[in-house]
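These notes concern the structure reproduced below.
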Amino acid sequence: MADPTTGLRRPLIGGDKSYADVTREVCAPLERKSPAAWWMTISAALAMLVVGVVAVTYQLRTGIGTWGLNNTVGWAFDITNFVFWIGIGHAGTLISAILFLFNQKWRTSVNRSAEAMTLFAVVCAGIFPVIHMGRPWLAHWVIPYPNARGPLWVNFRSPLVWDMFAISTYFIVSLVFWYVGLIPDLATIRDRAVSKVKKAVTNFFSFGWDGSNRTWHRYETIYLLLAGLATPLVVSVHTIVSWDFATSLIPGWHTTIFPPYFVAGAVFSGFAMVLTLMLVVRKVLHFEDYITLHHVDAMSKVIIATGGIVALAYATEFFVALYSGNEYERFTFVNRALGPYAWAYWIMVGCNIGIPQLLWSKKVRSNVAAVFVISLLINVGMWFERFVIITISLSRDYLPASWATYSPTTIEIATLVGSFGLFFTLFLLFSRFLPMIAIGEVKGVLKYGRPDGKEPRE
Amino acid sequence: MNRRLLVATFGDEEDILAATRRVRETGYSIVDVFTPFAVHGLDTAAGVKPTRLPWVCFALGLSGAVAKLWYQIWTSATSWPVNVGGKPVNSVPAFVPVTFEIMVLFAAVGTVAAFLIVSRLRPGRRPAHVYDRTTDDRFTLVLLQDDAGFDVDAVRRLLQPFGLLDLSERTEIPPEKPPRGSLLVRPGYIGALGGGVILFTLLTYLTPRDFTEPNLMVLPGMVRSVPFDPFAANDIFPDGKTLRMPVAGTIARGYYPIDSSKSVEIADEVRSRYSKLSPGERSRLDERALQVFSTFCQPCHGTSGAGDGLIVGHGYPPPPALTGVSALRLKDGEMFNLITYGRGNMPALGHRVPREDRWLAIRHIRQLQQKAVTTAEGEGP
């Protein structure tokens, strides 16, 4: 991709900025008064959150019976939402860890917000299994601590226990990773702060960072270590989520393809969500020079690649069901495509396999509005993928006598709305109080591909 | 002891890198360099020894994994063994995922904690060194004026070509001891690692192998699970058996309590339920009851229950009249059991007539009896 005349690579950051420009521009949204648009969006997000809180409160007081579940379909909307949110989260870790290990410099502009997105998505995800317990006040029983009940331990052979460990580890490690990345930037804000309160607060949270080279040296080392740890972690998390299903015996769940299929789907949906958010952020906060069309292009390509894996996984599932000669397996897949929930299946296929193919065209990739719409549709499609896998498989199992259909109640829909409200509330607060772009990291790649800069090294 | 420092400020990444390198080559002692971002190569330029944090990470990860594996084995096999689907109590492959997660957790959190400790960073701490704009766009090189003959102008001349922006002197109380050197020298690690790899390769190569044999199986439990034998002795449970009895009061799917005395209670309950029915529902049930009776009972017992059904005409021993004294005396529950299991020439119909329908048949019989009684009274003297 080198420019033939200068031999330089394309700059990652546009606009010929100085270091001071970067500091100023990234900190600008935190230093100006919140615009009316921000107040409007956060009010909408809070309203959604309130809807969710009311729904969950009612559900907790009344019981799980307020959901549309029945004996046959014991997992439906809530677990769909859980897997959906966890999947969203994975793109953040992918950008911050895997792209870091692959030395993809363009990640610097998006990694901070993508990691924040991960955290918020995991928070949203975590709510669902807890409220699904029915008695969330006993949620601590999933933790194997010495207790007065025997001591009765958890069943370490159960994927649900693995899941608890995976999700909590994932949340903690993502939080730590994100915070470590924030420390130098918090110091930047501290040194710019004018008001006493802001100075004191940022001084507290920036841990006394002074930019010493020794600290930077250690910082770089642990950043690499964390990236190295987070990479297998993110793969393990969705693998374990898929084991929640794959280790059961329900036709449509009991397949060995699930772990890679789920991980690819997670990255696919996560990147779509990153795009959705970033396209809004770059427009609203005027970060066009940081999140350039080149970034949009690169992320679109990741979507094509992971979308391809997902399409392959759908095809493989179908083929294996046919080839296995197992009548239950075969029925399950025919039922997905032609049964009572066929509409959900075809939304999934359309949004996850059909729509992303548009991104092969360079014209579409460089059209921000088109990419935005595509990213939204992919999110819809990936939500339906989880719904298809979970609900359709459960509703038609081995015994026709126990077949049942499921439809969500208002409470369940309100809970989903609430989780979106929570996500956007957190994200909007983040955009207001913390730098959305990793200032230190962007400065490090600022000279990349510019005639006054050297070729960057590793 | 107070230190006299010389503070040189630069405005660019390459400048600070080249300046630091030059200063170090010339033999000045560098206290530290302060930069707004991680300048690559500055650590070697300033002569910073490689950090040992990776070892901390390794050690913590390893101890997390070992501790968690032990904990899972101990809780599942020793502290309270539970028979889960007859699987071995010590199912190590199933313990791998959680072991992995805890390894990552310990390694990640521990490394960051160690980093904060060695770098003396903690919440609320004030920055130890404050130089103007170091967190924005200035790169600061701090030198130690270690002897009396330290020549500031010589330094200025040395640094001028690197775009020196500012040079100033400062006196400072020594904030921290320079970190101690690494205990193990780097070539040592690499040597040990390389040696290990070579040794391992050699051993692998020299081990006699037979490719017709299956591979060595680590943890064969994944391939061939070794569950408990259902009928073998088992000391997990106080009674020493592997198979468990169902909990008292358990009713298997499709079965229900058949105790006659209980059935009477059930009968009462059913009756009370029927008495609450609306007229519409009641007539629907009556219809159903008639249908059941005419399908399953009428061929023998006859339309009115008199025992004059179709097959009796063909030589089947006639059943007693359902309107007779003995049938009148039968309780609902007894009648239910009689229909279910049969008696004498009355066949068992439990497997053919669903439970609800058997109750409905009884309802119909009671109605027939009622009718018979009313007619008899009407005819009476």
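Sequence lines set the chain letters: A, B, ... in the order given, protein chains first and strands last, and positions in each chain run from 1. Just so you know, these numbers come straight off a predicted model, no measurement behind them.
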Do any of residues 166-173 of chain A come closer than 4.5 Å to chain B, heavy atom to heavy atom, and if so which ones, in number order?
-> A:A166, A:T169, A:I172, A:V173

Taking atom NE2 of A:H217 and atom OG1 of B:T44, what is their separation to the nearest 0.5 Å?
-> 9.0 Å

Kindly say whether the aromatic ring centers of A:F207 and B:F115 come within a distance under 6.0 Å.
-> no

Using non-hydrogen atoms and a 4.5 Å limit, figure out which bit of A:P232 sits close to chain B: side chain, backbone, both or neither.
-> both

When rounded to the nearest 0.5 angstrom, what is the spacing between CG in A:L225 and OG1 in B:T51?
-> 8.5 Å

When rounded to the nearest 0.5 angstrom, what distance separates CG in A:L229 from CZ in B:F106?
-> 13.5 Å

Is it the side chain or the backbone of A:Y223 that comes within 4.5 Å of chain B heavy atoms, both, or neither?
-> neither

Engaged part of A:R190 at the chain B interface, taking heavy atoms whose separation is under 4.5 Å | side chain

Main-chain N/O of B:D136 paired to A:T188 side chain as donor or acceptor, under 3.5 Å = no

Per-residue tally against chain B (heavy atom, under 4.5 Å) across A:S236, A:S158, A:P184, A:C27 peaks at A:S236

Picking from A:L224, A:T221, A:I222, what satisfies side chain to side chain contact (heavy atoms under 4.5 Å, CB included) with B:P54?
-> A:T221

Is the centre of the A:W153 ring less than 6.0 Å from the centre of the B:Y71 ring?
-> yes

Taking all non-hydrogen atoms of both residues into account, name the closest pair between B:T35 and A:W216 and its distance.
-> O-NE1, 2.9 Å

Just by modelled atom types, is the A:W209 backbone N or O under 3.5 Å from a matching donor or acceptor in the B:R125 side chain?
-> no

